[in-house]
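Here is the structure we will look at, set down as structure tokens.
Heavy atoms only: backbone and side chains are in, while hydrogens, waters and symmetry mates are out. So that the names make sense, note that chain A is the first sequence line, chain B the second, and so on, each numbered from 1.
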There are 2 protein chains.
Amino acid sequence: MDQRVKKKATIYDLSLLSGSSPSTVSAVLNGTWRKRRIKESTAQTILGLAELHQYTTNLQARGLRRSRSGLVGLMLPVHDNRYFSSMAQTFEGHVRSRGQCPVVVSASRDPEEERRTAETLISYSIDQLFIVGATDPDGVHEVCELAGLRHINIDLPGAKAHSVISDNYQGARMLTEAIIRHFGNDDPLRPDELFLFGGRNDHASRERIAAFHATKKALLGADPEDGVQSSGYSPDITLRAFEAFYQCRGKLPRALFINSSINMEGLLRFMAGRPAEMFSELVVGCYDYDPFGSFLPFPVIMVRQNVEAMITKAFELIDEPPTAPQTFLIAPELIQPRSALKGPLDTLKDIE
Amino acid sequence: MDQRVKKKATIYDLSLLSGSSPSTVSAVLNGTWRKRRIKESTAQTILGLAELHQYTTNLQARGLRRSRSGLVGLMLPVHDNRYFSSMAQTFEGHVRSRGQCPVVVSASRDPEEERRTAETLISYSIDQLFIVGATDPDGVHEVCELAGLRHINIDLPGAKAHSVISDNYQGARMLTEAIIRHFGNDDPLRPDELFLFGGRNDHASRERIAAFHATKKALLGADPEDGVQSSGYSPDITLRAFEAFYQCRGKLPRALFINSSINMEGLLRFMAGRPAEMFSELVVGCYDYDPFGSFLPFPVIMVRQNVEAMITKAFELIDEPPTAPQTFLIAPELIQPRSALKGPLDTLKDIE
DNA sequence: TTCGCTTGCACAATCGATGGTGCAGAAACT
DNA sequence: AGTTTCTGCACCATCGATTGTGCAAGCGAA
């Protein structure tokens with residue numbers, strides 16, 4: 001009866017089969033049939049046929065007509081990173097629970113690519129866009145605004161749309177303090193023994209660096225000028241920064257504040273091939289949480305940004321009527337070394 | 001002139017503005033105008049207007065008409081994992097270089113969810129579907145087949161469509177051998193000191209377990225029955241497996257073969273709160289690569305699956321005319337402890 | 001019987017782009 | 001001059017679903 005690869009059934013097919021008009025079929029299938037005063041029995045007939053013929057709505061057609069698609073976009077800088085991938089995981093859960101379809105794409109921290117990506121998604125009439133860690137949030141905003149697309153910034157703030165970000169200042173303060181206190185009073189850390197690696201000229205880095213400076217000054221009394229080694233969000237640049245530092249001073253600092261797990265990978269690259277003992281006295285604070293990172297052979301104090309809270313807040317905001325752009329801070333959490341925390345995966349059904 | 005949030009320009013708008021018919025405008029904008037013998041000058045006029053009015057194609061409309069969308073789907077088990085997220089990263093690069101739009105979604109290793117997700121994507125008329133690590137590849141196949149959607153399995157094979165997977169047997173053989181050889185001849189490993197944790201009844205686990213057994217037998221002469229502790233792909237179940245083991249024997253084995261980085265997180269959870277010294281003699285082999293995992297305080301030998309090669313091969317196959325389903329093995333790579341390898345991110349422009 | 005209200009549905013326009021077909025006018029050829 | 005060929009484009013149906021509107025039949029009340 002059913003041949004292979006037959007065309008998918010449409011409302012017109014069901015219309016013929018049921019003897020009802022396409023509009024009736026449509027109403028029945030999209031749930032608006034009570035409002036349209038369709039008889040219960042008619043609806044049942046059609047639903048039965050739909051089941052029988054495995055009808056599924058052509059969402060492109062619906063999207064075209066309604067000029068929205070049921071797709072909700074998440075634009076990440078990159079996938080390949082625990083912070084962003086847990087963002088994706090959490091986002092998916094939220095979107096699905098709202099009966100929509102998540103679409104996750106990355107834009108490589110390239111302003112041009114960010115705008116192009118937004119434009120593409122808009123061409124598919126996505127309903128909302130969550131912009132994570134964008135290099136140029138306001139550029140993306142422009143694109144969204146023109147298309148009347150609801151959007152919100154996460155992780156890095158923009159001036160023209162609501163933003164939900166980690167409280168970078170407080171987080172970095174906690175982290176710096178924890179690093180310093182880790183040394184105790186026997187052999188306290190000196191100001192010139194704590195360096196920050198990573199980060200660039202974005203809001204998050206600026207806040208973290210400011211907190212780093214302030215906390216060092218407050219707790220250690222001083223803060224040399226050269227305590228910060230910017231190295232972007234690239235493992236390789238960070239590696240080179242470490243190499244340069246090492247070259248220059250013959251050793252690493254006793255303590256490091258590392259701006260993100262991506263920069264932390266730069267440290268790993270520096271470690272590779274060098275003897276483990278070289279790092280046995282090191283104390284590291286990393287502004288990001290990675291379970292494996294937490295168990296390195298030296299103490300790694302980490303900051304976990306509250307992804308769940310950020311996403312939740314973002315969903316609240318994006319549905320609200322627009323008001324003047326505001327930035328909402330979400331408190332991150334300090335994670336002691338050797339901690340294996342639950343993540344978004346743990347809410348999935350455990351499967352043996 | 002341009003008001004905010006004005007409707008997007010359509011080919012009909014440009015048609016009026018240019019004095020050409022909508023079909024001419026359409027042809028010019030989608031590049032088929034030479035084939036349709038449109039005069040160069042007409043084309044230029046329209047292109048100019050399009051630029052001026054910031055025309056962008058409504059891809060839902062195009063998709064409806066052409067019954068494909070330009071979207072290419074990647075279905076992952078989960079995002080929050082370096083193996084799968086690097087898959088996503090690599091996939092994106094390939095799709096974009098083909099001028100299409102990547103769509104990455106996860107389906108939680110739930111066969112039901114996998115089919116539903118595929119169906120949703122099909123409703124959007126995606127052009128191709130890459131099915132990664134599916135629990136029920138053939139169930140997804142059924143759905144795709146009915147819709148005439150090109151698809152391919154990656155990481156876990158199906159019987160009804162081409163599959164590109166890691167050579168799990170060889171990888172596990174290499175890994176087991178490396179673990180055993182790591183102990184050298186002074187204090188060689190005994191068969192009852194090497195256990196496998198993780199995995200379930202999927203193709204990859206079965207192959208790895210088979211290779212584990214065979215290699216143990218070949219190199220150590222024997223292989224006790226209880227050497228394998230299945231614990232699915234869940235950190236928590238793996239944690240419980242370690243706890244049970246520890247409870248029962250009072251210690252961990254000297255050496256562990258861990259089936260995936262997700263199971264490895266179960267080991268981390270076991271480690272948390274327990275003294276580091278407990279693990280100082282441990283040697284671990286992990287079938288997955290994670291840069292941070294490679295630098296844990298004990299030797300961790302890892303296997304890196306060749307994501308780039310798998311994706312590349314998958315793209316080759318998916319474009320070919322269909323033949324009888326075949327499974328293609330991609331050789332993975334053994335990674336020595338303390339290795340920080342380059343990943344897909346390194347091909348991005350380094351940004352300071 | 002007639003008016004008016006409800007019930008239950010059909011009709012048709014519409015979303016925006018595509019592509020097969022047809023046709024007028026110019027150019028080329030006999 | 002008459003016929004064929006080419007150019008350059010317009011026309012229109014189409015993809016599948018949605019939704020505002022209209023209207024016949026049925027029913028109760030006056």
Exercise. Are side-chain N/O atoms of A/Glu308 and A/Thr312 paired as donor and acceptor at under 3.5 Å?
Worked result: yes
Seminar exercise, completed: Contacts satisfying side-chain hydrogen bond (donor to acceptor under 3.5 Å, both in side chains) that involve residues 59-76 of chain A (not counting sequence neighbours) are A/Gln60-B/Ser125
Exercise. Within this structure, what is the CG-to-C1' distance between B/Leu16 and C/dG16, rounded to whole angstrom?
Worked result: 14 Å
Problem set entry | Over 12 foreign heavy atoms within 6.0 Å of CD, B/Glu51 | no
Exercise. Atom OG1 in A/Thr10, atom OH in A/Tyr55: separation rounded to 0.5 Å?
Worked result: 7.5 Å
For this session: Under the side-chain hydrogen bond (donor to acceptor under 3.5 Å, both in side chains) rule, collect the residues that match up with B/Lys160, sequence neighbours excluded.
Result: B/Glu142
Problem set entry | Nucleic acid contacts - residues 19-39 of chain B versus DNA chain D, non-hydrogen atoms under 4.0 Å | B/Gly19, B/Ser20, B/Ser21, B/Ser23, B/Thr24, B/Arg36, B/Arg37, B/Ile38, B/Lys39
For this session: Round to the nearest Å and state the distance from B/Leu14 atom CG to C/dG16 atom P.
Result: 12 Å
Exercise. Which residues pass the side-chain hydrogen bond (donor to acceptor under 3.5 Å, both in side chains) test with B/Glu113, sequence neighbours left out?
Worked result: A/Arg96, B/Arg116
Exercise. Is the closest basic N to carboxylate O distance between B/Arg109 and B/Glu114 below 4.0 Å?
Worked result: no
Exercise. Rounded to whole angstroms, how far apart are CZ on A/Arg68 and C1' on C/dC15?
Worked result: 13 Å
For this session: Could you list by number each residue of residues 40-48 of chain B showing a heavy-atom separation from DNA chain D of less than 4.0 Å, or answer none if no residue does?
Result: B/Thr42
Exercise. B/Leu64 has an atom CG; how far is it from atom C1' of C/dG19, in whole Å?
Worked result: 14 Å
Exercise. Tell me: NZ of B/Lys8 to P of C/dG16, nearest whole Å?
Worked result: 11 Å
For this session: With a 4.0 angstrom cut-off to heavy atoms of chain A, pull out the first and last contacting nucleotide of DNA chain D, in 5'-to-3' order.
Result: D/dG16 to D/dT21
For this session: Please state whether the rings of B/Phe130 and B/Phe91 are parallel, tilted or perpendicular, taking 30° and 60° as the class boundaries.
Result: perpendicular
For this session: Over 60° means perpendicular and under 30° means parallel, so classify the ring planes of B/His141 and B/His151, tilted if in between.
Result: tilted
Exercise. Does one side chain, of B/His162 or B/Thr323, offer a donor that lies under 3.5 Å from an acceptor on the other?
Worked result: yes
For this session: Sort out for me which residue in B/Leu74, B/Val72, B/Val95 forms a side chain to side chain contact (heavy atoms under 4.5 Å, CB included) with B/Val104.
Result: B/Leu74
